[in-house]
Amino acid sequence: LIMQSPVAKAILSGEDHIVEIANDALLKNIWRKNSADVIGRKVLDVFPELKKQQYAKLLQEVYATGVKHTGKESFMWINGDDGLVHYYVDFEYAPVFSSDNIVSGIKITAVDVTEKVKARKQIEESEKRFRSLAESLPQLVWETDEKGNALFASGRWQEYSGITPGGEAEWKAIIHPD
């Protein structure tokens with residue numbers, strides 16, 4: 001199941017976090033290493049840069065407590081065979097229990113969401129620039145959705161109309177019915 005999963009997965013064993021298994025999705029897309037360079041080795045020896053990030057501490061916590069940890073859009077960097085690459089990942093560190101209910105390892109699941117995060121940040125930056133431009137103009141600037149609901153109104157619009165953007169009724173009150 002792990003090896004055939006399209007989602008990046010690995011199993012680390014013991015408190016030294018030795019890589020027992022890692023699928024191609026993780027090896028090729030995030031770690032960017034050959035399995036021979038990773039399997040049977042301590043993950044923190046293969047990727048010492050993780051010690052400078054939150055991930056080494058989280059591995060220790062999950063192993064010690066048996067409580068899984070998840071992260072959304074978590075920033076990380078990995079030094080693979082092709083150099084240092086920065087990522088945003090949704091990830092889970094889940095404890096693996098032995099038959100006597102003792103933590104024996106950790107299952108890693110990771111989804112690279114870098115492109116999604118970068119796209120959202122570009123949209124947020126564009127929105128920020130738009131608002132800055134709209135607020136600096138002497139003209140009245142506003143935006144509505146297809147139903148006429150207010151999405152944005154510049155300070156000049158609010159000064160002119162005397163209302164702040166809100167519901168449809170507020171906007172219709174200042175628009176001539178014709």
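Numbering starts at 1 and runs along the sequence shown. None of these values were measured; they are calculated from a predicted model.
- Here the closest non-hydrogen pair linking N23 and A8 is OD1-CA, 3.6 Å.
- Closest non-hydrogen pair, S136 versus L133, comes out as OG-O, 2.8 Å.
- The pair E124-R120 meets the salt-bridge criterion, with a side-chain N (NZ, NE, NH1 or NH2) lying under 4.0 Å from an Asp/Glu carboxylate O.
- You'll find the side chain of F91 reaches within 4.5 Å of the side chain of S74, heavy atoms only.
- Here K51 pairs with nothing under the salt bridge (Lys or Arg N to Asp or Glu O under 4.0 Å) rule; sequence neighbours left out.
- For E127, the CD atom is densely surrounded, since the number of other residues' heavy atoms within 6.0 Å is greater than 12.
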Full working for side-chain contact (heavy atoms from CB on, under 4.5 Å) between I11 and I106: CA-CA 6 Å; I11 300 285; I106 296 173; over 6 Å; no
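- Checked by atom type, the side-chain pair S154/Q139 shows no donor-acceptor distance below 3.5 Å.
- Under a 3.5 Å cut-off, the side chain of S126 and the backbone N or O of Q122 do not form any donor-acceptor pair.
- I21 and L59 fall into different hydrophobic clusters, defined by Ile, Leu, Val, Met, Phe, Trp and Tyr side-chain heavy atoms under 4.5 Å apart, directly or through other members.
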side-chain contact (heavy atoms from CB on, under 4.5 Å) evaluation trace for V38 with W31: CA-CA 9 Å; V38 175; W31 284 355; 3.4 Å; yes
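- In summary, the aromatic rings of Y55 and F47 are positioned with their centroids too far apart to meet the 6.0 Å limit.
- When all heavy atoms are compared, the tightest approach of A134 to V141 is CB-CG1, 3.8 Å.
- Environment of CD in Q4: sparse, with no more than 12 heavy atoms of neighbouring residues, nucleotides or ligands closer than 6.0 Å.
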E92 vs H69, side-chain contact (heavy atoms from CB on, under 4.5 Å): CA-CA, chis, key distance, verdict: CA-CA 6 Å; E92 178 182 86; H69 181 87; over 6 Å; no
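- Note on L58 and V43: same hydrophobic cluster, where clusters join Ile, Leu, Val, Met, Phe, Trp and Tyr whose side-chain heavy atoms are under 4.5 Å apart, directly or indirectly.
- The closest side-chain heavy-atom distance from E20 to I18 is below 4.5 Å.
- Residues Y88 and K121 have side chains that bring a donor and an acceptor to within less than 3.5 angstrom of each other.
- Grouping the Ile, Leu, Val, Met, Phe, Trp and Tyr side chains by contacts below 4.5 angstrom, directly or via other members, places M3 apart from V7.
- The structure places OG1 of T114 at 10.0 Å from CD of E73, a figure rounded to the nearest 0.5 Å.
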Validation: residues 77-85 side-chain donor-acceptor distances under 3.5 Å, sequence neighbours left out:
residue: N79; atom: OD1; partner: L84; partner atom: N; Å: 3.4
residue: D81; atom: OD1; partner: K33; partner atom: NZ; Å: 3.4
residue: D82; atom: OD1; partner: R32; partner atom: NE; Å: 2.6
residue: D82; atom: OD1; partner: R32; partner atom: NH2; Å: 3.0
residue: D82; atom: OD2; partner: R32; partner atom: NE; Å: 3.3

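- V19 and V46 fall within a single hydrophobic cluster, where Ile, Leu, Val, Met, Phe, Trp and Tyr side chains are chained together by heavy-atom contacts under 4.5 Å.
- Crowding of Y160 atom OH: a count of heavy atoms from other residues, nucleotides or ligands under 6.0 Å not exceeding 12.
- Note on V117: it does not cluster hydrophobically with V89, by side-chain heavy-atom contacts below 4.5 Å among ILVMFWY residues.
- Closest heavy-atom contact between R156 and L137: CG-O, 3.7 Å.
- Considering all non-hydrogen atoms of both residues, V62 and V67 come closest at CG2-O, 3.4 Å.
- With hydrogens and angles disregarded, no donor-acceptor distance shorter than 3.5 Å links the side chain of S5 to the backbone of I2.
- The aromatic rings of Y63 and H17 stand perpendicular to each other, their planes meeting at an angle above 60°, with 30° marking the opposite boundary.
- Scanning for side-chain contact (heavy atoms from CB on, under 4.5 Å) contacts around K28 gives D24, with sequence neighbours left out.
- Nearest heavy atom pair, residue Q53 against residue M76, reads OE1-CA, 3.1 Å.
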